[in-house]
Amino acid sequence: MRFILCILFGALFAAQVGCTSHSWTKIERTYEVGYHDVFQRMPEECKKWMMSVKKSQPEAGLIVLESHRVHDQILTGSVINMIAGDEVILKVQQVTPTTTKIFIDSKAKGQIGPDFGRTDRNVTTVADALDKVWAQVDATTEERGEKRPGSSASQPNAQAKTQ
Amino acid sequence: MAHQTRPNAGTQGRFAAIHYWLGKSYVRLGDMGNARVAMRKAQSCEAGPESNALFNLQRLQEDNLIIVIQIGAGAGLIPQGGDWQQTAYKPTPYAERAAEVFIDGQHVGSAVMIADLWEQVSTQGQTEEQRIQASKAAAKSIVQSLPYISLLGVAWDVTGDMRSWALLPDRILVWSGKVPSGDHTVILRFYDDKDFELTRYRQTWYFVPVPAEGDCVVVTRAARDKCNICRKEQ
């Protein structure tokens with residue numbers, strides 16, 4: 001009996017240590033969209049991926065999505081996580097007025113044991129879905145023109161006579 | 001951007017933009033002594049030899065057109081750690097690195113950097129908040145390991161503060177010069193790290209009014225298609 005209790009407590013201890021599971025996949029994409037448009041469209045768009053907006057703070061560049069995908073959660077068998085759900089964070093950063101960078105990460109709240117890649121799937125699901133909403137920006141394809149006059153930066157002309 | 005903490009002792013005050021504007025204000029108030037001190041402090045910020053030419057009391061008095069150009073995107077605050085208990089700034093990649101200024105079709109020089117916000121962010125030390133967050137995460141892992149009260153640990157959210165100013169630029173460049181009073185056409189050309197022009201970033205500002213007395217300050221931000229009337233979005 002004592003041996004069984006030790007086994008049970010040991011298993012409980014091991015399970016508790018891995019209570020919070022976060023994704024190993026972190027994705028960063030730059031899209032051709034205005035900063036505020038991201039916040040405006042996200043509540044509508046995330047419903048299509050079975051998620052909902054938990055927190056949206058345009059002034060802080062932060063969107064937190066909540067995911068309750070039961071078919072995924074049954075596999076991992078975490079009852080607490082079925083209640084608490086997963087969190088997907090989107091850190092939004094304006095690059096230019098027409099381009100916005102989005103960093104995506106996910107965390108399983110109250111996860112007992114491994115999540116079998118569920119949080120990674122959260123990240124890739126959101127990234128793939130966003131790819132369909134907005135076009136990605138590739139900085140290497142930016143149009144280039146002539147070489148700069150004088151390869152090193154020239155001194156500013158303090159006495160610029162323009163007339 | 002450094003809303004969380006103070007910078008390291010060695011880098012405190014190394015923000016030439018503040019001293020530059022302070023000096024400009026003192027000049028307009030007629031306080032040359034303090035303006036000279038501000039310029040000396042700006043030079044001590046080690047912004048570079050090109051910037052030091054800008055931090056000159058005589059130029060501060062004479063220049064009547066100042067063009068402030070914000071380039072790039074500021075660093076973003078992202079979560080770190082198993083429980084997202086910590087946060088760290090990550091630089092945002094961007095194309096433009098330098099700007100050349102043309103007034104009425106004449107090349108008048110380069111804009112020089114007076115503030116590098118990534119340098120400000122990357123030289124700040126460990127904050128009190130980070131230490132508290134580390135302690136909270138350790139306490140949470142202990143609580144989670146204890147029988148009966150482990151559920152409290154699961155419910156305890158120790159996520160760090162991920163809010164950051166998402167609209168900040170990465171660098172601030174300034175060009176200043178003395179031009180005749182009246183309306184001028186200012187053209188800005190932006191260049192990448194290999195000194196090739198980013199053609200879609202070019203900006204043209206017509207009828208920039210320079211007064212006979214006082215200064216004209218133009219503040220702009222580098223962006224693709226900013227001066228393209230057919231752009232998708234401002």
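Just so it is clear: chains get the letters A, B, ... in the order the sequence lines come, proteins before strands, and each one is counted from 1.
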Heavy-atom closest contact ([X] atom, [Y] atom, distance):
X	Y	result
Phe103(A)	Pro79(B)	CE2-CD, 3.8 Å
Ala223(B)	Pro97(A)	CB-CD, 3.3 Å
Gln93(A)	Gly76(B)	OE1-CA, 3.4 Å
Ser106(A)	Trp84(B)	C-CZ2, 3.4 Å

Any side-chain heavy-atom pair of [X] and [Y] under 4.5 Å:
X	Y	result
Leu198(B)	Arg144(A)	yes
Met162(B)	Gln57(A)	no
Phe196(B)	Lys147(A)	yes

List for me each residue that meets ring-ring contact (aromatic ring centres under 6.0 Å, His included) alongside Phe102(B), sequence neighbours excluded, and say none if there are none.
His107(B)
Where does Thr30(A) contact chain B at under 4.5 Å (heavy atoms): side chain, backbone, both or neither?
neither
Please classify the contact of Leu62(A) with chain B as side chain, backbone, both or neither, using a heavy-atom distance under 4.5 Å.
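The side chain, not the backbone.
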Distance from Glu59(A) atom CD to Arg163(B) atom CZ, nearest 0.5 Å?
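Reported to 0.5 Å precision, the distance equals 8.0 Å.
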For chain B, which of Asp105(A), Val92(A), Thr96(A), Thr100(A) has the most heavy-atom pairs under 4.5 Å?
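Top option by heavy-atom pairs under 4.5 Å: Asp105(A).
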Is there a side chain to side chain donor-acceptor pair (under 3.5 Å) between Ser164(B) and Lys91(A)? Walk through the geometry before answering.
CA-CA 9 Å; Ser164(B) 59; Lys91(A) 272 298 291 180; 2.9 Å; yes
Can you confirm whether Glu44(A) is buried at CD, in the sense that more than 12 heavy atoms of other residues, nucleotides or ligands lie under 6.0 Å from that atom?
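Not buried by this count: 12 neighbours or fewer within 6.0 Å.
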Proximal component of Asp192(B), with respect to chain A [non-hydrogen, under 4.5 Å]
side chain
Checking Asp157(B) against chain A: side chain, backbone, both or neither under 4.5 Å from a heavy atom?
side chain
Backbone N or O of Glu197(B) within a donor-acceptor pair of the Glu146(A) side chain at under 3.5 Å?
no
Is Lys107(A) reaching over with its side chain to a backbone N or O of Asp83(B), donor-acceptor style, under 3.5 angstrom?
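Checked: pair present.
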Using 4.0 Å as the upper bound for N to carboxylate O, is an ion pair formed by Glu143(A) and Arg224(B)?
no
side-chain contact (heavy atoms from CB on, under 4.5 Å) with Thr92(B): of Glu28(A), Gln94(A), Lys101(A), only one passes, and it is Lys101(A)
